[in-house]
Protein chains: 2
Amino acid sequence: MSRDQRADDPAVLQEALGSFVRAFGLHQPETTPCGQPISVSEAHALGELAQEGELRQVELTRRLRLQKSTVSRLVGQLSHRGWVERAPAPDDGRGVVLRLTASGRRAARNLAEARRERFSRLLDSIPAHERAGVLHALDVMVEALDEER
Amino acid sequence: MSRDQRADDPAVLQEALGSFVRAFGLHQPETTPCGQPISVSEAHALGELAQEGELRQVELTRRLRLQKSTVSRLVGQLSHRGWVERAPAPDDGRGVVLRLTASGRRAARNLAEARRERFSRLLDSIPAHERAGVLHALDVMVEALDEER
DNA sequence: GGACATGGTTCGACCGTACAACCAGAAGGT
DNA sequence: ACCTTCTGGTTGTACGGTCGAACCATGTCC
């Protein structure tokens with residue numbers, strides 16, 4: 001089978017993606033692949049907040065692709081750890097604005113460091129000449145997934 | 001920042017991978033991304049069995065990268081649905097050999113079809129000239145993940 | 001002002017996973 | 001033969017993330 005034929009076969013994509021998902025340990029979402037005592041969703045939330053500075057909760061919900069109820073509880077946990085603060089949104093009486101506390105920023109930095117460690121190892125295992133291609137491919141897939149819906 | 005520098009930065013890989021994971025809906029492992037009423041792990045198990053014909057339970061555990069207790073229950077569910085049969089291993093008094101029933105093979109076919117549907121759409125959203133690259137990238141990552149441990 | 005949509009919270013339930021304890025069979029040494 | 005250790009499976013227990021529905025408050029549109 002030629003390379004182009006393979007590339008047009010959904011089953012091949014499925015197989016490739018399936019293997020990847022399992023290899024990366026995306027079962028057990030309650031432990032981050034980086035070995036940190038924090039759930040995958042919490043880690044994502046922390047990352048988004050660290051990057052954005054401030055975020056409306058509804059926006060976080062959208063980015064995390066979770067239900068609002070789930071995010072509410074998630075934010076509650078982060079707040080309980082003293083990592084995020086909730087403030088009423090200035091322009092919308094219903095909304096909540098989220099912001100990292102100082103300790104939250106510290107946690108985010110630690111997490112980023114651990115992640116860096118983890119992904120450094122992964123990146124090291126990818127042949128140098130493949131790296132750019134892999135990153136590009138991930139972008140392409142995210143775009144495709146966004147477009148699809 | 002040049003492309004090669006980006007390619008060597010773990011944070012970039014992290015970001016790309018993170019987005020992808022969320023975009024693909026890898027939260028809620030109890031529903032397969034294909035919209036079938038079956039968990040991701042069950043789907044994987046079904047796929048492995050359909051492909052191999054027969055499989056030792058311990059081997060399935062290895063491939064799914066789960067705990068043996070989890071797999072034991074998983075197999076129990078599949079058996080309860082009438083999709084797999086357990087038989088004592090001929091060469092090892094402890095072992096269990098798994099095999100799909102007729103109805104299990106049918107379920108696997110249906111699942112594969114639904115998956116095909118789903119991935120066809122995804123594939124359609126990926127520009128044709130990117131497809132081979134994406135598939136290759138996934139292979140590369142799985143290899144890297146395997147090597148790493 | 002009334003109907004409907006939107007952002008958040010709380011409650012209840014579901015389900016997949018891990019860990020530990022346990023059992024039975026295999027393997028290897030003395 | 002026997003004892004120890006290892007390995008494949010099962011069961012009990014607990015944890016935790018996610019969802020859906022019900023509910024409230026606020027915003028929006030006619």
Side-chain angles (χ1 to χ4, degrees), chain A residues 18 21-22 24-33 35-46 49 54-81 84-99, chain B residues 18 21-33 35-46 54-81 84-99:
Chain A
V21 166
R22 280 177 295 179
F24 196 55
L26 262 16
H27 338 285
Q28 69 260 35
E30 55 241 39
T31 55
T32 179
Q36 293 291 294
I38 178 181
S39 86
V40 169
S41 289
E42 282 176 324
H44 283 167
L46 223 49
L49 284 170
E54 263 190 14
L55 215 49
R56 279 290 301 274
Q57 182 162 320
V58 63
E59 173 61 15
L60 185 61
T61 301
R62 201 187 60 72
R63 298 201 189 186
L64 262 39
R65 292 178 155 92
L66 292 171
Q67 293 295 113
K68 56 183 181 176
S69 62
T70 303
V71 173
S72 175
R73 219 194 88 179
L74 176 60
V75 170
Q77 288 168 354
L78 293 176
S79 156
H80 186 258
R81 296 198 200 210
V84 350
E85 284 173 343
R86 302 184 239 213
D91 57 329
D92 187 329
R94 302 165 296 178
V96 168
V97 175
L98 306 174
R99 193 173 328 153
Chain B
V21 166
R22 281 176 294 177
F24 196 54
L26 261 15
H27 340 285
Q28 70 261 34
E30 55 241 39
T31 55
T32 178
Q36 293 290 294
I38 177 182
S39 86
V40 169
S41 288
E42 281 176 326
H44 283 166
L46 222 49
E54 265 189 13
L55 215 50
R56 280 289 303 272
Q57 182 161 320
V58 62
E59 173 61 15
L60 185 62
T61 300
R62 201 186 59 74
R63 297 201 189 185
L64 262 40
R65 293 177 153 93
L66 293 171
Q67 292 294 113
K68 55 183 181 176
S69 61
T70 304
V71 172
S72 175
R73 259 182 271 276
L74 176 61
V75 170
Q77 289 168 355
L78 293 176
S79 157
H80 185 259
R81 295 198 201 210
V84 346
E85 284 172 344
R86 301 185 239 213
D91 56 329
D92 188 329
R94 301 165 297 176
V96 168
V97 175
L98 306 173
R99 194 173 328 151

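Everything numeric here is computed off the predicted structure, so don't read it as measured data. In what follows, chains are A, B, ... by sequence order, proteins preceding strands, each numbered from 1.
Neither OP1 nor OP2 of C/dG8 sits under 4.0 Å from any side-chain N or O of A/S72. A/R56 has a side-chain polar atom (N or O) that falls below the 4.0 Å cut-off from OP1 or OP2 of C/dG8. In this model, the phosphate group of C/dT17 is not approached by any side-chain N or O of B/T70 to a distance below 4.0 Å at OP1 or OP2.
The CZ-C1' distance, from B/R65 to C/dG16, rounds to 18 Å in whole Å. Separating the CG atom of B/L60 from the P atom of C/dT17 is a distance of 12 Å, rounded to the nearest angstrom. Nucleotide D/dT26 holds its C1' atom 15 Å from the CD atom of A/Q57, rounded to whole Å. When the P atom of D/dT7 is taken as reference, atom CZ of B/R62 falls 15 Å away, rounded to whole Å. Rounded to an integer number of Å, the gap from CD of A/Q67 to P of D/dC19 is 5 Å. Atom CG of B/L98 and atom P of D/dT10 are 9 Å apart (whole Å). Spacing between atom CD1 of B/I38 and atom C1' of C/dC15 amounts to 14 Å, rounded to whole angstrom units. Taking atom CG on B/L64 and atom P on C/dA18, their separation rounds to 10 Å, with Å as the unit.
Relative to the side chain of A/K68, the nucleotides C/dT9, D/dC6, D/dT10 differ in distance, and C/dT9 lies closest. Proximity note for A/R94 (side chain, C-beta onward) versus C/dA24, D/dG17, C/dT6: the nearest is C/dT6. Relative to the side chain of B/S41, the nucleotides C/dG7, C/dT17, C/dG16 differ in distance, and C/dT17 lies closest. Candidate nucleotides D/dG17, C/dT9, C/dT10 were compared by shortest atom distance to the side chain of A/S69, and C/dT10 ranks first. Taking every side-chain heavy atom of B/L66 into account, C/dT17 is the closest of C/dT9, C/dT17, D/dT10. Distances were taken from every side-chain heavy atom of B/Q77 (C-beta onward) to each of C/dT9, D/dT18, C/dG16; the shortest belongs to C/dG16.
With DNA chain C read from its 5' end, the first of the two nearest nucleotides for A/R86 and B/L74 is the one closest to A/R86. Across the interface with DNA chain D, nearest-nucleotide mapping of A/D92 and A/E42 shows A/E42 to be the residue nearer the 5′ end.
With hydrogens and angles ignored, the 3.5 Å screen pairs a side-chain donor or acceptor of A/T61 with a backbone N or O of A/Q57.
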Practice task
Let me see the working for B/R56 and B/D91 under side chain to side chain contact (heavy atoms under 4.5 Å, CB included), right down to the final yes or no.
Solution key: CA-CA 11 Å; B/R56 280 289 303 272; B/D91 56 329; 4.2 Å; yes
Problem - Test side chain to side chain contact (heavy atoms under 4.5 Å, CB included) applied to A/L74 and A/L64, step by step - result: CA-CA 11 Å; A/L74 176 60; A/L64 262 39; 3.8 Å; yes
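Using a 4.5 Å heavy-atom cutoff, the side chains of B/L98 and B/E85 are not in contact.
No hydrogens or angles were tested; on distance alone, nothing pairs the side chain of B/R73 with the base of D/dT10 as donor and acceptor under 3.5 Å.
Looking at every heavy atom in both residues, B/S41 comes nearest to B/L66 through OG-CD1, 3.9 Å.
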